[in-house]
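Just so you know, these numbers come straight off a predicted model, no measurement behind them. Naming convention: chains lettered A, B, ... in sequence-line order (proteins, then strands); numbering from 1 in each chain.
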Amino acid sequence: MATIDFGYTISKPRAIDLDRNNLRKSDEILREMPELQACIGCGSCTAVCTAGSLTTFNFRKVHTLVRRGEYQGAYEEMNKCMLCGKCRLVCPRGINTRGVALLIKRKLGDF
Amino acid sequence: MKKTIIIGSGVAGMQTALCLAERGIEPLIIEKESEPGGKLRGWHVLFPSFTPAEEVLGELRHRVREQGIEVMTNAEAVGLTPQSVTLADGRQLTGDAVVLTSGFTLFDARIKEEYGYGIYDNVFTSADIERMMAEGRVTKADGTAPQRIAFLHCVGSRDEKVCQQHCSRVCCITGVKQAMEMKRLFPGAEVFNFYMDIRMFGPGYEEMYREAQQRCNIHFVRGRISEAAPTLDGRVQIKAEDTLTGRPLRMSVDMLVLLVGMRANDDNASLAASAGLKQAPSGFLEPRDLFLRSTESSTEGIFYAGTVTAPKNIGETLAEASATADAVAKFLEK
């Protein structure tokens, strides 16, 4: 019996569900670049970001989501990065942000 | 009479000297500058009570004079042992114990070149603002009143790029205090504070922060300014990420104030080497034990008070100096 489409849908929950998210990839990324854990979320990287001033790309947001196990779309987002490295120049925690962008792309190519 | 040499005549040095004198120990304060008083000189008012700095400093100075405590100015210590201090001019002073109260160095904002201090006219440091307030004349470089002011927290603090990984603690509350003072001086002006984290650790600080937000209408933006650039009309354009909305932000301001942090004195290293003192990775000197012997150095007979060991506020420094005098007295009784 075909379901009747009443025009209603159920929204997917927006919450980051750490009971369900699989942090395996996130752990792998942090094992390779533990310095990423030192991020204090100051946003300097995004403030200087060449891509971020023109597109919706937000490096801080993407890598934070990845660390929470939210991998969906992270690879595509990171593709917006032009690898100019300005973020690395300003990071007060000395994180190799450019390396993080490359690492996320390498690890999450299949998401 | 036992004699103690105190290196530095800031609030820590003076308070230590006063407490020692009360116990019948003769203090000798040496000061490398031509005037005693240390960093509090030229400071306008203290957080969170807006108490004039001169009230505290003047009182200490007065009591030091009253007690007849000797303050040797233009005397820079270059080496020390528990019983002696060597001055830059070669003189050697002897005593029975030494207290190091040499304080901190203000971070040189020019090192953070991207903020344009010393390059653009309307970029100031918190110390500049404090001096201007003490002089009773706060203006833009051209002498006019600012309409829009931005404060940037953590300049030279928590920043690996300038080798200052520690938190200077007092800049957050100084930023809130100066923002409120600016609002009081220029009620029509808009004031923005750019921060990474707001650390309101002391009594009354959180209340002051809330007052700044609620009553003074100061805007707090969570994001570190990444760069400043001049505009054609002599203002300063700043860029940051407004991290709470996740979008890049830019704005022009009439004044950009950099809240400069406390860093360890350069000569801590040579002083430490001369007396076998332990230096923390931050450059500040490390007490023998953080809890039970926080006023003693790793060398018997050499003591610490104030910001020579870590950033502290005035109240903490004064309290510690009393504790240091206590430790010195106990040591000299032995």
Side-chain angles (χ1 to χ4, degrees), chain A residues 14-16 33-68 70-74 76-78 80-101 104, chain B residues 107 109 111-116 150 152-168 171-172 175 192-199 220-229 236-251 256 258-261 263 281:
Chain A
R14 273 193 79 240
I16 295 170
M33 284 195 109
E35 65 198 73
L36 183 55
Q37 292 169 107
C39 172
I40 42 177
C42 71
S44 298
C45 48
T46 309
V48 291
C49 182
T50 315
S53 65
L54 303 167
T55 70
T56 53
F57 178 52
N58 183 323
F59 178 73
R60 179 188 56 79
K61 226 169 170 174
V62 175
H63 83 66
T64 309
L65 283 170
V66 167
R67 282 194 289 154
R68 305 277 186 272
E70 298 277 321
Y71 310 119
Q72 199 69 51
E76 291 74 13
E77 275 300 306
M78 278 305 178
K80 294 177 183 165
C81 166
M82 303 188 232
L83 298 175
C84 70
K86 269 163 83 180
C87 46
R88 193 179 175 184
L89 290 178
V90 295
C91 178
R93 304 295 264 186
I95 299 167
N96 176 2
T97 46
R98 194 171 173 276
V100 169
I104 287 177
Chain B
F107 178 77
I111 295 170
K112 291 293 287 179
E113 210 179 319
E114 59 266 45
Y115 299 141
L152 173 58
H153 293 233
C154 298
V155 177
S157 300
R158 308 179 73 199
D159 189 348
E160 195 152 308
K161 291 279 148 62
V162 292
C163 306
Q164 304 297 325
Q165 302 205 32
H166 63 277
C167 162
S168 297
C171 342
C172 272
F192 292 80
N193 280 41
F194 288 84
Y195 68 95
M196 300 198 281
D197 290 300
I198 291 270
R199 298 185 164 172
F220 287 85
V221 182
R222 193 188 175 283
R224 187 184 177 92
I225 296 175
S226 62
E227 59 198 297
V236 184
Q237 194 199 44
I238 52 180
K239 288 182 187 172
E241 188 205 348
D242 181 356
T243 61
L244 300 182
T245 61
R247 285 171 58 186
L249 175 153
R250 67 182 64 181
M251 71 186 297
L256 171 62
L258 309 174
L259 294 160
V260 284
R263 67 176 189 84

Acceptor/donor pairs from residues 220-228 of chain B side chains to any protein atom, 3.5 angstrom cut, sequence neighbours excluded:
from: B:R222; atom 1: NE; to: B:M196; atom 2: O; distance (Å): 3.0
from: B:R222; atom 1: NH1; to: A:G41; atom 2: O; distance (Å): 2.4
from: B:R222; atom 1: NH1; to: B:T243; atom 2: OG1; distance (Å): 3.0
from: B:R222; atom 1: NH2; to: A:I40; atom 2: O; distance (Å): 2.7
from: B:R222; atom 1: NH2; to: A:G41; atom 2: O; distance (Å): 3.3
from: B:R222; atom 1: NH2; to: B:M196; atom 2: O; distance (Å): 2.9
from: B:R224; atom 1: NH2; to: B:D159; atom 2: OD2; distance (Å): 3.0
from: B:S226; atom 1: OG; to: B:K239; atom 2: O; distance (Å): 3.4

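- No more than 12 heavy atoms of other residues, nucleotides or ligands sit less than 6.0 Å from atom CZ of B:R247.
- Residues from residues 56-64 of chain A that place a non-hydrogen atom less than 4.5 Å from a non-hydrogen atom of chain B comprise A:N58, A:R60, A:K61, given in numerical order.
- Taken from CD in B:E160 to CD1 in A:I95, the straight-line distance is 8.5 Å, to the nearest 0.5 Å.
- B:Y195 pairs by the ring pair (Phe, Tyr, Trp, His ring centres under 6.0 Å) definition with nothing, not counting sequence neighbours.
- Chosen from A:S53, A:C91, A:G52, A:C49, the residue pairing most often with chain B at heavy-atom distances under 4.5 Å is A:C91.
- By the side-chain contact (heavy atoms from CB on, under 4.5 Å) test, A:C84 pairs with A:T50, A:K86, sequence neighbours left out.
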